[in-house]
Amino acid sequence: MSSPNLKVNIGGVEFANPVMTASGTFGYGEEFNEYIDLSRLGGIVTKSITRHERKGHRPPRTAETASGMLNAIGLANVGVDAYVRDKLQFLRGLGTKIVVNVAGFDIDEFIYVVDKLNGHEEIDMVELNISCPNVKGDGMEFSSKPEIAYEVVSKVRKICDFPLMPKLSPNVADIKPIAKACEEAGADALALINTLYGMAIDPYTWKIKLTNVTGGLSGPAIKPVAIQAVWKVYNTVKIPIVGIGGIMDYRDVVEFMLAGAKAVQFGTANFIQPDCTITAIDGLTEYLQQRNIADVNDLIGKAVKI
Amino acid sequence: MSSPNLKVNIGGVEFANPVMTASGTFGYGEEFNEYIDLSRLGGIVTKSITRHERKGHRPPRTAETASGMLNAIGLANVGVDAYVRDKLQFLRGLGTKIVVNVAGFDIDEFIYVVDKLNGHEEIDMVELNISCPNVKGDGMEFSSKPEIAYEVVSKVRKICDFPLMPKLSPNVADIKPIAKACEEAGADALALINTLYGMAIDPYTWKIKLTNVTGGLSGPAIKPVAIQAVWKVYNTVKIPIVGIGGIMDYRDVVEFMLAGAKAVQFGTANFIQPDCTITAIDGLTEYLQQRNIADVNDLIGKAVKI
Amino acid sequence: MGAGAYLLSIKLKLKTFPHPGEFLHIKPTSEGNDPLLRRAFSIFDYDEQNGTVDVLYKVFGRGSAILSRVAAGHVLDLLGPLGNGFPIPEKSKQLLLVGGGVGIPPIYLLAKTCLRNGHDPKLIKFLMGFGKAEDCVMGERVAQLPIEQALSTDDGSRGHKGFVSDLLKAKLAGGLAGDKTVIYACGPEGMLKSIQGLAKEYATPCYLSLESIMPCGLGTCLGCVVKQEGEDKYLRVCREGPVFEANEVEL
Amino acid sequence: MGAGAYLLSIKLKLKTFPHPGEFLHIKPTSEGNDPLLRRAFSIFDYDEQNGTVDVLYKVFGRGSAILSRVAAGHVLDLLGPLGNGFPIPEKSKQLLLVGGGVGIPPIYLLAKTCLRNGHDPKLIKFLMGFGKAEDCVMGERVAQLPIEQALSTDDGSRGHKGFVSDLLKAKLAGGLAGDKTVIYACGPEGMLKSIQGLAKEYATPCYLSLESIMPCGLGTCLGCVVKQEGEDKYLRVCREGPVFEANEVEL
Ligand SMILES: Cc1cc2nc3c(=O)[nH]c(=O)nc-3n(C[C@H](O)[C@H](O)[C@H](O)COP(=O)(O)OP(=O)(O)OC[C@H]3O[C@@H](n4cnc5c(N)ncnc54)[C@H](O)[C@@H]3O)c2cc1C
Ligand SMILES: Cc1cc2nc3c(=O)[nH]c(=O)nc-3n(C[C@H](O)[C@H](O)[C@H](O)COP(=O)(O)OP(=O)(O)OC[C@H]3O[C@@H](n4cnc5c(N)ncnc54)[C@H](O)[C@@H]3O)c2cc1C
Ligand SMILES: Cc1cc2nc3c(=O)[nH]c(=O)nc-3n(C[C@H](O)[C@H](O)[C@H](O)COP(=O)(O)O)c2cc1C
Ligand SMILES: Cc1cc2nc3c(=O)[nH]c(=O)nc-3n(C[C@H](O)[C@H](O)[C@H](O)COP(=O)(O)O)c2cc1C
Ligand code: FES
Ligand code: FES
């Protein structure tokens, strides 16, 4: 059988395949250059950038848990100016799509950062990390209430040159109204999920393992939560979904696409196998070939109830 | 060193030690009689009972995930009348504390069931499973909104002969106001957490693994989420907390107690090692002895920030 | 042991000879929490002298794959024997034993047990179904039993081409039906379903050993259930089963 | 290898002789996702002829415990060599090499490398610290080096009673301080902290190899950082390190 089509279109951007890297787990791409052919990736989502440079939290910043890990890096990043100045140039030449993840602690910050990105052609899409605490509001995440999510997304949508993809938190009672609010606010796609809240204590030393006390839980442990979120949102909105959470190999990519994702992001897996994304693209191709599926898009949302 | 004190007092009930079994993972106790000495347990929390008998969902009802499992048993149970008639007699003689878990799909059902339990001396405490969908309301869990949690707990509190312990769901943006509402409604203790929402799809057959589509995620995978919930609630309310979620051994018991739990429940672990609870009680005793800690209560909430 | 099939010999002294149809609940790994749950495997054979229990299994997913890589001498974590096995038939009965693939182990143990009890070998027929010729080595221990045997493969690469239920049907149609006969079967769900149908059609007593996802194996999680025929009720495969009368369950 | 310490010999052909201080990032298990992350271990030794890399480690938690049970011949999943090792000193320098417990491996490799490069053995002093006498076997390979050696144990069961930093302090106070000397150290954080202090006190150049929880080992997760001295900045131990100049980092 001839090569299956792996291309997926998300918000008008054509990705060579549905495999991207997740924000915060792939740096700005540089470190992986020696391990994999970056041009083969569907896309790279870079580490969250903010208005100013952020040093991040005091270490220890991570802790391993059962089939997962906690992180409280603290949104360490170079700041939008240095990003545009120093990082875009490397990313420009890679031959893959570049998604810039933007974080903020109030709506002004989101707007400020996106405004600085506007006009830079090497950027293909903006991912809006609305899973940060909203310092102007009640300290809750932007994506924990539909009204707040609507407000930030619609305001950014108005000034953003690029397709806009809010990234949702799983730390909610019901993700559907949040997804709906983002769609109504003009989002071109949705990325889900960000990490779950978690915490760990050493039973021998009695010490809380992260200086920041709580952190974000990622890795295979959270995959069932992510699959469930993708499935629910797929049955709620019309815009494409990018699935994230515990993806380790091509079988997980298939599982997310069957649940309704049009593309996926590999996060924690990059730490364990730096070539996990490339292996997954190869595995996905073979999977489609063996089943005579001509187009990867034919997997989307095809999970069957029993 | 002499034997450390393992006794903990929760809502006026004195448990011989902080180790209980979690609802739905220990049946009504009968099946474990051949594996362990049930009298050694701090307490047994029996499977959720409802007004009428429930057969539960069509199988498959469970699926394994990374360091966890999904279940959608569907609150299968014998119904309160048969429970009182057939199950209490066996439980009465065991020499351990009996906590009856009560579920309901509207407030009337909770009240009906608790009323039927009233007067039965073999019962020591009622655990209120408010993580069920509220059919009269918006279909959300009772424990997903503080107002609803307040309403059901305060109404049940008024008519309940026993100390009352609502069991909270982790599927919320912020568990603190829910815990606070339960405390204000007169709860004597809080049990947390119930399972996280999850889902799994077979990438080969494309079938959703549970007939019920989504299920509850339990096991070590969710321990960080549970620890974080216990820590937050411990810093919010004054009533005792019973910690649940991914507990496998005495080290996990210690971790939960350091986070703020006064007692714990073993769930999924019972499926893997039927004697996990007894081993943990022994391990906990040795842990305290080695550290010259005379009273297990001295662990509660003692986690140290770094 | 044939394509992707393995024999696991476990040093394990049992108080009594295991009842055919009983199973062991085996933890595939002692390291870490993934995979988390035990897996169920029927007892295939028991060597009283040496105190070894044999299990015959196929690599299906992660747990069985890990088991297949366990080094000799490794200490396994297991529970069992668990479950209710096959009722031992009266000596006068004609036995039609049907095993499909890794459904053969408990049926083999049943045949062996009946022979030990003095059941007339001429009254026992063993019918085996496989995917293809390579898989048939799985039946090598069965081949040593002094009883009539027949086999089928899905692709006809050995024995009858088709399903083992065809072989059963031929026996039933050939006169071995009714009250003097008992059918015992274990194998994939499709096979059990057609055998259930045949038993009904030929009014022949029949016992089936079922498979089901079994988180606990102890009767407590209520995960492994099967619908009771004609009743609005579920039965636990690990506790009330895994062996059921064919007309008792809805497949 | 002494109480709870293990030697792992890995068949691994490297392009060049490894740089002392470089580490391997080893996945403790190939089965399942728990434990999830790789673990960092310094390269202890390299046998060019046979292409084997040795790692010397202590059983600390789950991952190292699993490694200690890995059967000979097992295929390990690893990345490396990673990180920036010790700068190789000029041949004229007096070297004070300090290793505490499982901090000895990279220091041993540094000593060996310097000797291979023709550094005068008389200019190299190797100071080792252990918990107790039983642990000292860990230093058996060091003992074969033709250089001056001294050791301490916390409980005095062998060598000097006290910390290895006491031995270093004696050397520094005895005149081996200042610009003509270089201190190299690896070991527990407390030990590195006092050595950092001594290096400052005696104005002697000093390099420390740090430990830190390293999820990725590739410079991408930003989990392993250490605070830069005097700057509001964090450095990645896996990428900028694990070896740092003593006055560059805040311990
Ligand atoms: C009573 C009984 C006896 C059995 N006897 C045998 C035997 O003798 N030889 C043999 O090869 N197999 C036997 N099986 C099937 C065997 O249990 C499964 O093949 C095995 O559990 C698959 O595990 P895995 O880790 O390889 O697959 P995975 O897909 O990784 O398993 C994931 C989960 O699903 C469960 N599961 C998946 N498939 C099955 C299945 N078909 N039946 C039950 N649980 C399943 C697993 O136990 C585990 O909890 C028996 C099953 C039962 C219930
Ligand atoms: C550059 C470097 C070189 C090292 N060289 C050696 C060596 O040669 N010999 C040796 O015995 N040890 C060495 N260590 C320490 C070794 O990495 C830890 O002992 C090991 O990771 C503990 O893993 P575990 O699974 O046994 O413990 P667990 O407690 O189960 O580990 C849980 C998590 O914490 C991390 N972790 C726990 N303790 C440490 C630690 N002290 N340092 C780094 N990560 C930790 C683990 O990697 C894992 O991610 C080195 C560490 C680093 C950073
Ligand atoms: C170390 C680490 C850092 C992360 N940093 C960010 C970040 O800066 N911005 C963001 O939106 N998500 C961040 N994430 C979340 C991931 O992008 C991803 O949503 C999450 O890890 C779940 O996917 P996984 O299970 O595949 O890791 C980070 C995750 C990890 C593990
Ligand atoms: C198979 C199964 C059935 C359960 N049934 C109930 C139930 O009936 N009522 C209830 O409140 N919780 C029920 N639970 C949730 C557990 O009591 C517990 O809160 C949860 O499993 C987390 O703990 P664990 O990780 O130790 O299993 C069930 C869990 C499992 C795995
Ligand atoms: S496997 Fe748990 S009840 Fe049967
Ligand atoms: S371990 Fe990930 S950046 Fe150093």
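In what follows, every heavy atom counts, from backbone to side chain, and hydrogens, waters and symmetry copies are set aside. Reminder, nothing fancy here: chain letters follow the sequence lines and each chain counts from 1. If you're wondering where the values come from, they're calculated on a predicted model, not measured in any experiment.
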**Q** Please classify the contact between Leu70(B) and chain A as side chain, backbone, both or neither, with a heavy-atom cut-off of under 4.5 Å.
**A** side chain

**Q** Give the member of Lys207(B), Arg251(B), Lys305(B) that has the highest number of heavy-atom pairs under 4.5 Å with chain A.
**A** Arg251(B)

**Q** Name the option with the most non-hydrogen atom pairs under 4.5 Å to chain A; the candidates are Gly219(B), Ala221(B), Pro203(B).
**A** Pro203(B)

**Q** For a 4.5 angstrom cut-off between non-hydrogen side-chain atoms, does Arg61(B) reach Asn71(B)?
**A** no

**Q** Do Val242(B) and Leu190(B) have side-chain heavy atoms sitting under 4.5 Å apart?
**A** no

**Q** Salt bridge check: are Asp252(B) and Lys223(B) linked by an N-O gap of less than 4.0 Å?
**A** yes

**Q** Counting only heavy atoms closer than 4.5 Å, note whether Leu210(B) contacts chain A via side chain, backbone, both or neither.
**A** backbone

**Q** Output the option from Glu255(B), Lys209(B), Arg58(B) having the highest count of non-hydrogen pairs under 4.5 Å with chain A.
**A** Glu255(B)

**Q** Answer with side chain, backbone, both or neither: which region of Ile306(B) has an atom nearer than 4.5 Å to a non-hydrogen atom of chain A?
**A** both

**Q** Quick one: does Val253(A)'s side chain get under 4.5 Å of Tyr287(A)'s, heavy atoms only?
**A** no

**Q** Find the one option among Leu196(A), Ile222(A), Ile201(A) whose heavy-atom pairs under 4.5 Å with chain B are most numerous.
**A** Ile201(A)

**Q** Between Gln228(B) and Thr214(A), do the side chains contain a donor N or O and an acceptor N or O under 3.5 Å apart?
**A** no

**Q** Under a 4.5 Å heavy-atom cut-off, does chain A meet the side chain of Val213(B), its backbone, both or neither?
**A** side chain

**Q** What part of Leu217(A) gets within 4.5 angstrom of chain B, counting heavy atoms only: side chain, backbone, both, or neither?
**A** side chain

**Q** Is chain A contacted by the side chain of Phe256(B), its backbone, both, or neither, given a heavy-atom distance below 4.5 Å?
**A** neither

**Q** Are any non-hydrogen side-chain atoms of Val153(B) and Glu183(B) less than 4.5 angstrom apart?
**A** no

**Q** Heavy-atom pairs under 4.5 Å with chain A - which of Thr65(B), Ile208(B), Asp174(B), Val254(B) has more of them than the others?
**A** Ile208(B)

**Q** Indicate yes or no: at least one non-hydrogen side-chain atom of Met20(A) is less than 4.5 angstrom from one of Phe266(A).
**A** no

**Q** Between Val172(B) and Ser143(B), what is the shortest heavy-atom contact and its length?
**A** CG1-O, 3.7 Å

**Q** What part of Asn212(A) gets within 4.5 angstrom of chain B, counting heavy atoms only: side chain, backbone, both, or neither?
**A** neither

**Q** How about Cys276(A) and Met248(A): do any of their side-chain heavy atoms sit closer than 4.5 Å?
**A** no

**Q** In terms of heavy-atom pairs under 4.5 Å, which option from Leu299(B), Val230(B), Thr205(B), Val225(B) contacts chain A the most?
**A** Val225(B)

**Q** Is Lys232(B) in contact with chain A via its backbone, its side chain, both, or neither, using a 4.5 Å heavy-atom distance?
**A** side chain

